[in-house]
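Some notes on the structure that comes next.
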There are 2 protein chains.
Amino acid sequence: MDSFNGQKLNNKDRRASAVTKDRLLRAAADLVAELGWGRVTTRAIAERADLPHGTVSYHFNSKQELLIEAVLRAVEDVLPLATLRQLNSLTELMALIEVTLTSRNEFDTVETLVLMESMREAEREPLLRKRMADLLRDYRQVLEELIRNDQGRSNLKPGLAPSALAMLLAALGDGLLLHLIVNPELDVGKAVEALSSLLGVKPREALSEPDHSEKG
Amino acid sequence: MDSFNGQKLNNKDRRASAVTKDRLLRAAADLVAELGWGRVTTRAIAERADLPHGTVSYHFNSKQELLIEAVLRAVEDVLPLATLRQLNSLTELMALIEVTLTSRNEFDTVETLVLMESMREAEREPLLRKRMADLLRDYRQVLEELIRNDQGRSNLKPGLAPSALAMLLAALGDGLLLHLIVNPELDVGKAVEALSSLLGVKPREALSEPDHSEKG
DNA sequence: AGTACAATTGTCCAAATGGACAGTTTTAAT
DNA sequence: ATTAAAACTGTCCATTTGGACAATTGTACT
């Protein structure tokens, strides 16, 4: 069991154990998506992480703390704030949304389920609620700034409040994800295209020729 | 305990017990919203319904069957298909959506939470998934027909596919509900107004003067 | 009153649960 | 090599769980 997983415990990593904690957190997030928050047990987490049951008690004060830390890490991954900040136009944004929603692999699905479980649990757990609310606020904020920067350049209605459109986009995306959970066969792309059309934006073109546009 | 709740056991109701079953179903739906699907126990259901624990085993084959039946009943209530069918214009629809999302009482909130739990559980439970998918399909269908009937009358883009707009509206509504769960302070009304503006529709007017329009 | 059956109730049980903790091994520093 | 702290592990326990079921009560009909 020595260097079994190839992840050598280097002495930079504070005290080791970070690896163990990490494995527990990943396993926990997986199981929240798979079983639902309320059905995750400490034993299942340990087993999934291929670790003994006692490990959980040692590294975390309670199951709930472990789960909260686990889902927050996963949710921060699924909200692509960094990527969004690099976008320059509403056209690019709509293209990204469409791609994100239509080409989903298994990994994306798990993270989406974690997101839904987290939003649901946030209603009961004040700490989680605050963290989630902050994340979603940041998310809308990034969208809002993107829209504001783009306004004037595109033929967007001047009267349209960027913050309102940002909320609309964020909610629409999550709502489509929600419907996709129930019915993966749904052609959600057409809903995104409809909104693009209403906004007077052509996301297709942004995909085929993403490069030769100047910014600023 | 005879005619305690005013609901006299009339001999038309198959065998009575319908009242007991009903109380269990209501309690179950309540607890799904309150605790989350995975944390609901048969004992908690019985206690909430003010009935002994054995009642659950007698009236339902398993906890899961009880929960599924309970949430389906609640979800059918929260999707206002009948109301939607009576609407005549997209303007009225946008007004209804705005009112529904902005003025929410405690009862609405519970039903919304049940809806979210159900959509999440549907991913694991094939029977529930099918029933939920059908309900959501009907929901979009009603919206689609409303949009189709309205097209031409309003200044809606002709190229806009009614089915795409229906999906957009349904997903946006549910997405806003989802965000509202995490942060009830959100001013989701402005997102609805933004969409109304994009659609070229003035929901405010439909509210202030709802009567003197002819239909058909 | 008597009969048949639906409805209800309390009790029981094996299995699973979260967490505690004493004991052991590993690591880093001297 | 010795030591102290950190990391890890298996075991234990009081509770809770879903469901089963025998016993009891209620109801409708003759």
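In the text below, chain A, chain B and the rest are named by the order of the sequence lines, each starting its count at 1. Keep in mind it's a predicted model, so treat the numbers as computed, not measured.
For the side chain to side chain donor-acceptor pair (under 3.5 Å) test, no residue two or more places apart in sequence or in another chain qualifies with B:E47. Residues satisfying the side chain to side chain donor-acceptor pair (under 3.5 Å) test with B:S89, not counting sequence neighbours, are none. Contacts of B:E144 classified as side chain to side chain donor-acceptor pair (under 3.5 Å), with partners at least two apart in sequence or in another chain: B:R148. Contacts of B:N61 classified as side-chain contact (heavy atoms from CB on, under 4.5 Å), with partners at least two apart in sequence or in another chain: B:E65. Residues meeting the side-chain contact (heavy atoms from CB on, under 4.5 Å) test with B:T83, sequence neighbours left out: B:P80, B:L96.
Base engagement by A:T55 is indicated by at least one non-hydrogen atom pair under 4.0 Å involving a base atom.
For the residue pair A:R104/A:T112, the side-chain donor-acceptor check at 3.5 Å is satisfied. Between the side chains of B:T42 and B:H53, at least one donor N or O sits under 3.5 Å from an acceptor N or O.
The distance from atom NE2 of B:H59 to atom C1' of C:dA6 is 10 Å, rounded to the nearest whole Å. Taking atom CD1 of A:I45 as the reference point, atom C1' of C:dA16 lies 15 Å away to the nearest angstrom. Here D:dC8 presents its P atom at 11 Å from CZ of A:F60, a figure rounded to the nearest Å. Put simply, CG on B:L67 is 14 Å from C1' on D:dG19, counting in whole angstrom units. One atom, CZ of A:R39, and another, P of C:dA15, lie 22 Å apart when rounded to the nearest Å. Per the geometry, CD belonging to B:E47 stands 15 Å off P belonging to C:dT9, to the nearest Å. The nearest whole Å value for the distance from the CG atom in B:D22 to the P atom in C:dT8 is 12 Å.
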Scan nucleotides 19-24 of chain C against the protein and return all N/O pairs shorter than 3.5 Å with their distances rounded to 0.1 Å.
residue: C:dG19; atom: OP2; partner: A:K63; partner atom: N; Å: 3.0

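Within residues 24-33 of chain A, no residue has a heavy atom under 4.0 Å from DNA chain D.
Paired runs in DNA chain D that reach 3 or more consecutive Watson-Crick or G-U pairs, where each pair keeps both distances under 3.5 Å, cover C:1-30 with D:1-30.
Among pairs with a residue in residues 171-184 of chain B, those fulfilling side chain to side chain donor-acceptor pair (under 3.5 Å) read A:D174-B:H179, A:H179-B:D174, at least two apart in sequence or across chains.
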For residues 26-40 of chain A, tabulate all N or O donor-acceptor pairs below 3.5 Å that involve a side-chain atom, not counting sequence neighbours.
residue: A:R26; atom: NE; partner: A:D22; partner atom: OD2; Å: 3.0
residue: A:E34; atom: OE1; partner: A:R48; partner atom: NH1; Å: 3.0
residue: A:E34; atom: OE1; partner: A:R48; partner atom: NH2; Å: 3.2
residue: A:E34; atom: OE2; partner: A:R48; partner atom: NH2; Å: 3.2
residue: A:W37; atom: NE1; partner: A:Q64; partner atom: OE1; Å: 3.1
residue: A:R39; atom: NE; partner: A:L35; partner atom: O; Å: 3.0
residue: A:R39; atom: NH2; partner: A:L35; partner atom: O; Å: 3.4
residue: A:R39; atom: NH2; partner: B:E121; partner atom: OE1; Å: 2.6
residue: A:R39; atom: NH2; partner: B:E121; partner atom: OE2; Å: 3.0

Could you pull out every donor-acceptor pair under 3.5 Å between side chains of residues 132-143 of chain A and any protein atom, sequence neighbours left out?
residue: A:D134; atom: OD1; partner: A:R137; partner atom: NH2; Å: 3.2
residue: A:D134; atom: OD2; partner: A:K130; partner atom: NZ; Å: 3.1

Enumerate donor-acceptor pairs with a distance under 3.5 Å from any side-chain N or O in residues 163-173 of chain B to protein atoms, sequence neighbours excluded.
residue: B:S163; atom: OG; partner: A:K190; partner atom: NZ; Å: 3.0

